[in-house]
Number of protein chains: 2
Amino acid sequence: MSQNAVTEPESTSDAAAIIPMPLDAETAVHRMADRARAASRVLARADRNWKDRGLDAIVRGLDAGRKFIISANAKDLRREREAGTAAPLLDRLRLDDARIDGLIAALRELGGLPDPVGTVLRGQTLPNGLRLRQIHVPMGVVGAIYEARPNVTVDIAGLALKSGNAVLLRGGSAAAESNKALLSVIRDALGSVGLPEDAVQSIDAYGREGATALMQARGKVDVLIPRGGRSLIQAVVTSASVPVIETGEGNVHIYLDASASIEMAVPILLNAKTQRPSVCNAVETLLVHPDAVAAPAVLAALHKAGVRLHADSRATALAGTTPTIPATEADWETEYMDLDLAVAVVDDLDAAIKHIRRYTTGHTEAILTNDLAHSERFIAEVDSAAVIVNASTRFTDGGQLGLGAEIGISTQKMHARGPMGLRELTTTKWIVQGDGHVRS
Amino acid sequence: MSQNAVTEPESTSDAAAIIPMPLDAETAVHRMADRARAASRVLARADRNWKDRGLDAIVRGLDAGRKFIISANAKDLRREREAGTAAPLLDRLRLDDARIDGLIAALRELGGLPDPVGTVLRGQTLPNGLRLRQIHVPMGVVGAIYEARPNVTVDIAGLALKSGNAVLLRGGSAAAESNKALLSVIRDALGSVGLPEDAVQSIDAYGREGATALMQARGKVDVLIPRGGRSLIQAVVTSASVPVIETGEGNVHIYLDASASIEMAVPILLNAKTQRPSVCNAVETLLVHPDAVAAPAVLAALHKAGVRLHADSRATALAGTTPTIPATEADWETEYMDLDLAVAVVDDLDAAIKHIRRYTTGHTEAILTNDLAHSERFIAEVDSAAVIVNASTRFTDGGQLGLGAEIGISTQKMHARGPMGLRELTTTKWIVQGDGHVRS
């Protein structure tokens with residue numbers, strides 16, 4: 001399969017322009033990774049001012065290129081509409097002036113964030129006089145695999161640039177024209193301030209074989225970040241030999257303890273479920289103590305807000321006149337991402353923790369309580385990226401937690417856990433300085 | 001393959017004792033992982049004092065069990081000697097009183113180290129009053145795959161206990177009797193202080209199928225640490241779906257700049273090459289500036305110390321009367337782990353960095369120089385876990401760098417880079433505390 005000859009896409013860099021021969025997808029992706037490595041060395045030494053000038057240039061390019069970008073996007077939209085693509089997917093594919101404004105605002109915010117590169121993580125002078133410091137340095141070459149959402153192209157390019165990494169992008173084929181237009185804007189912008197254009201490259205021209213080559217390019221690509229739904233992430237985790245940072249899935253729980261007040265519980269549940277039901281930090285299961293005073297009011301308020309309540313028999317009884325749908329085993333496992341909520345009555349805190357351990361994806365869980373011992377036990381015993389007491393689960397977000405822009409929310413334990421900001425796109429390096437020191 | 005019925009090994013825990021039915025390797029390993037998970041929850045909440053009492057109990061058990069351990073080890077040694085196993089492998093397999101003393105000393109040192117669990121990595125109160133902290137918590141269940149070195153069994157069990165992790169061990173089959181004896185000592189010790197015995201389990205009874213099941217137990221095992229030679233690590237990296245931390249390989253370079261003095265260069269090279277040639281932080285290639293004043297003296301001293309010099313033509317000329325062996329391409333790629341050193345003359349610092357980029361495994365590289373600009377460029381442009389100026393490469397070691405005991409030296413960029421101590425066996429958890437906070 002990987003032997004099919006594909007013509008290498010035209011590149012604006014001189015090095016690429018002199019190699020117009022046809023290449024198989026694997027060779028082409030490896031060559032792009034090598035050029036990305038060379039670019040990453042320039043980026044790794046670029047100071048914050050230079051990288052921020054690059055972000056500014058991308059902002060100017062997006063602003064000046066609105067017509068060009070939107071007309072490229074229109075081609076994708078037309079093709080996909082004719083192919084019968086569903087409306088929500090078409091919506092995610094769409095770029096308009098408002099969305100370009102959003103991308104520009106995000107890049108400007110990124111420009112305002114501190115540079116993680118060079119930050120000293122720890123350091124000391126040893127008894128023998130050896131000077132040590134461990135500093136943050138860029139990963140090098142990052143691979144990103146995502147779905148047909150062209151805004152992700154700009155997001156990831158910006159985060160990679162600010163953290164000093166070169167990036168190889170693989171977007172969805174449905175967004176091919178949009179991504180091509182955005183790539184040319186981004187690469188021209190980088191070139192205009194003297195940064196290497198090969199810091200941002202797309203492997204889209206090499207199709208599935210290109211994606212496979214990217215996932216297998218161990219040694220050439222330092223880390224792979226899949227961004228999208230469950231099936232995309234599982235496919236990458238299974239196929240990749242390059243280390244992967246898993247992001248995303250959130251089967252988020254809230255435990256309503258007996259002592260939580262109505263005044264606190266109702267606004268938090270409404271916020272956690274209805275503010276933006278389609279995101280990973282929205283609550284999906286409510287666990288209720290049998291004596292939770294706030295329960296009937298919470299369920300009534302959720303129902304009034306349009307939430308379908310999938311309740312077990314005891315929760316149905318607690319709901320009183322509020323209508324519910326009988327819950328099945330599948331409800332406890334489902335990340336609805338919609339105005340649906342599974343509701344179960346659990347005997348006590350222990351039963352709540354047991355339920356969470358069984359069904360959690362390790363993203364976010366919250367307890368609403370006025371019992372100090374219960375809050376302490378919940379914090380200690382629930383093993384998720386974020387554990388929240390008396391606040392909405394919607395706070396598990398890089399921006400909300402003060403990390404600035406995020407590239408995703410890691411649900412794995414290695415490298416990064418929870419919202420991943422710029423620092424999570426770096427690795428570290430030990431610098432050891434002596435005056436002729438030898439080990440005794 | 002995985003359907004072969006194997007009898008589950010006897011366990012001292014009650015839960016296991018009542019399930020004496022035969023199990024296939026995969027089911028057995030999964031059940032052990034589930035028991036490890038339960039044990040990990042106790043360990044995660046165990047305070048430092050309790051865990052240190054566990055380490056003390058293991059020390060007492062090893063001391064009291066010397067005869068038992070050494071006689072089990074003698075069975076392994078006899079079997080392997082009869083099977084014609086090579087002398088260096090037999091030496092690594094051997095346990096005697098001195099080695100047990102070494103294990104005891106290492107466990108005592110571990111007891112003196114601070115507990116990483118609960119350390120606050122960062123924290124703040126947000127403008128809206130939400131209190132945040134990101135703390136270190138244990139990984140949970142760690143898998144370790146290693147060769148027939150029974151000391152590793154004790155090392156890893158100790159590191160896992162102190163960092164609050166349960167561990168599933170897969171040692172080499174040549175050390176089966178030794179590991180069985182050590183396991184029973186360790187588990188009895190844990191039990192004697194009320195810690196869960198299932199915090200340390202061996203999957204050795206399930207052979208290769210058990211190892212495969214361990215590597216594929218994504219979700220049940222949080223991280224896998226292979227410890228051993230290149231082929232073991234590559235096999236694990238290729239087969240595992242559980243996240244792996246790669247350790248080990250060190251094709252370590254020293255660049256001898258023109259300005260480095262003889263007084264500094266000779267002792268550093270002798271230390272880096274001859275103090276312990278078989279370890280990963282020993283130097284393997286020396287790159288020499290054409291005008292390096294120290295070069296002839298360095299090469300003569302190395303030769304006198306018994307080092308075979310694999311030199312390119314220019315290095316042979318620099319060596320003068322010191323005998324050399326002509327270097328081939330393979331020499332630049334080889335981690336000798338013996339009294340051999342590849343030597344090349346490079347035109348300048350740029351050529352040295354270019355050579356390092358091509359052949360490094362990303363472990364450790366050093367520059368010997370009195371030129372400040374050169375040292376700064378070397379630090380900035382060489383992308384390895386440790387970059388050293390004017391000191392021996394032998395300092396890349398958890399103990400030497402002040403991290404305490406180490407579980408290995410990571411040569412990957414994700415999660416941990418360089419020596420991995422107790423902190424690198426933890427992940428993090430965000431704790432968010434509010435008073436009814438909702439997202440606006």
Side-chain angles (χ1 to χ4, degrees), chain A residues 41 44-45 124 126 130 132 134 137 139-140 218 222-223 237-238 241 243-245 261 263-264 267-268 270-272 275 375 379-381 383-392 394-397 400-402 412-415 417-419 427-439, chain B residues 41 44-45 124 126 130 132 134 137 139-140 218 222-223 237-238 241 243-245 261 263-264 267-268 270-272 275 375 379-381 383-392 394-397 400-402 412-415 417-419 427-439:
Chain A
R41 292 186 176 131
R45 283 178 290 146
Q124 61 171 321
L126 294 181
L130 213 53
L132 304 179
Q134 187 182 30
V137 296
M139 283 275 186
R218 197 176 174 95
D222 296 299
V223 61
V237 164
T238 312
S241 64
V244 174
I245 299 182
S261 72
E263 292 67 31
M264 184 172 68
I268 288 177
L270 286 175
N271 187 256
Q275 195 200 25
S375 92
I379 289 171
E381 297 184 28
D383 184 29
S384 293
V387 181
I388 296 180
V389 178
N390 294 339
S392 171
R394 294 272 294 119
F395 285 109
T396 306
D397 171 279
Q400 294 294 318
L401 296 186
Q412 71 180 32
K413 294 184 180 174
M414 264 184 63
H415 185 71
R417 196 175 190 209
T427 180
T428 58
K429 182 197 236 180
W430 281 100
I431 296 166
V432 181
Q433 294 185 274
D435 309 294
H437 287 71
V438 296
R439 188 163 162 186
Chain B
R41 291 187 176 129
R45 283 177 291 145
Q124 62 170 319
L126 293 182
L130 214 53
L132 305 180
Q134 187 182 30
V137 296
M139 283 276 187
R218 196 175 175 94
D222 296 301
V223 61
V237 164
T238 312
S241 65
V244 175
I245 300 182
S261 72
E263 292 68 29
M264 182 171 70
I268 288 179
L270 284 176
N271 187 257
Q275 197 201 24
S375 91
I379 289 170
E381 298 184 27
D383 185 27
S384 293
V387 181
I388 295 180
V389 178
N390 294 340
S392 170
R394 294 271 295 118
F395 285 108
T396 305
D397 171 278
Q400 294 294 319
L401 297 186
Q412 70 179 33
K413 293 184 180 176
M414 264 183 66
H415 186 72
R417 196 176 191 209
T427 179
T428 58
K429 183 197 239 180
W430 281 99
I431 295 165
V432 180
Q433 293 185 274
D435 309 293
H437 287 72
V438 296
R439 187 163 162 187

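Because the structure is a prediction, the values reported are computed rather than measured.
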Study note, to complete from the structure: Answer key: most heavy-atom pairs under 4.5 Å with chain B among Met139(A), Gln412(A), Gln134(A), His437(A) is His437(A)

Review point. Step by step, would you call Asp397(B) with Arg439(A) a side chain to side chain contact (heavy atoms under 4.5 Å, CB included)?
Key: CA-CA 11 Å; Asp397(B) 171 278; Arg439(A) 188 163 162 186; 3.7 Å; yes

Check your understanding: With a 4.5 angstrom heavy-atom cut-off, which part of Val438(B) approaches chain A: side chain, backbone, both or neither?
Key -> both

Exercise for review: Measure distances from Leu401(B) to the heavy atoms of chain A and classify the residue's part below 4.5 Å as side chain, backbone, both or neither.
Suggested key: both

Review point. For Thr396(B), is it the side chain, the backbone, both or neither that has a heavy atom under 4.5 Å from a heavy atom of chain A?
Key: neither

Practice item. Counting only heavy atoms closer than 4.5 Å, note whether Leu132(B) contacts chain A via side chain, backbone, both or neither. Key: side chain

Revision key, fill the gap. side-chain contact (heavy atoms from CB on, under 4.5 Å) filter on Ser261(B), not counting sequence neighbours, yields Glu263(B), Met264(B)

Exercise for review: Can you see which heavy atom on Met414(B) is nearest to which on Val244(A), and at what distance?
Suggested key: CE-O, 3.6 Å

Exercise for review: Under the side-chain hydrogen bond (donor to acceptor under 3.5 Å, both in side chains) rule, collect the residues that match up with Ser375(A), sequence neighbours excluded.
Suggested key: none

Review point. Is it the backbone or the side chain of Val137(B) that comes under 4.5 Å from a heavy atom of chain A, or both, or neither?
Key: side chain

Check your understanding: Is any side-chain N of the basic residue among Glu381(B) and Arg41(A) closer than 4.0 Å to the acidic one's carboxylate O?
Key -> no

Point to revise | Interface moiety of Ala386(B) toward chain A, non-hydrogen atoms closer than 4.5 Å | key: both

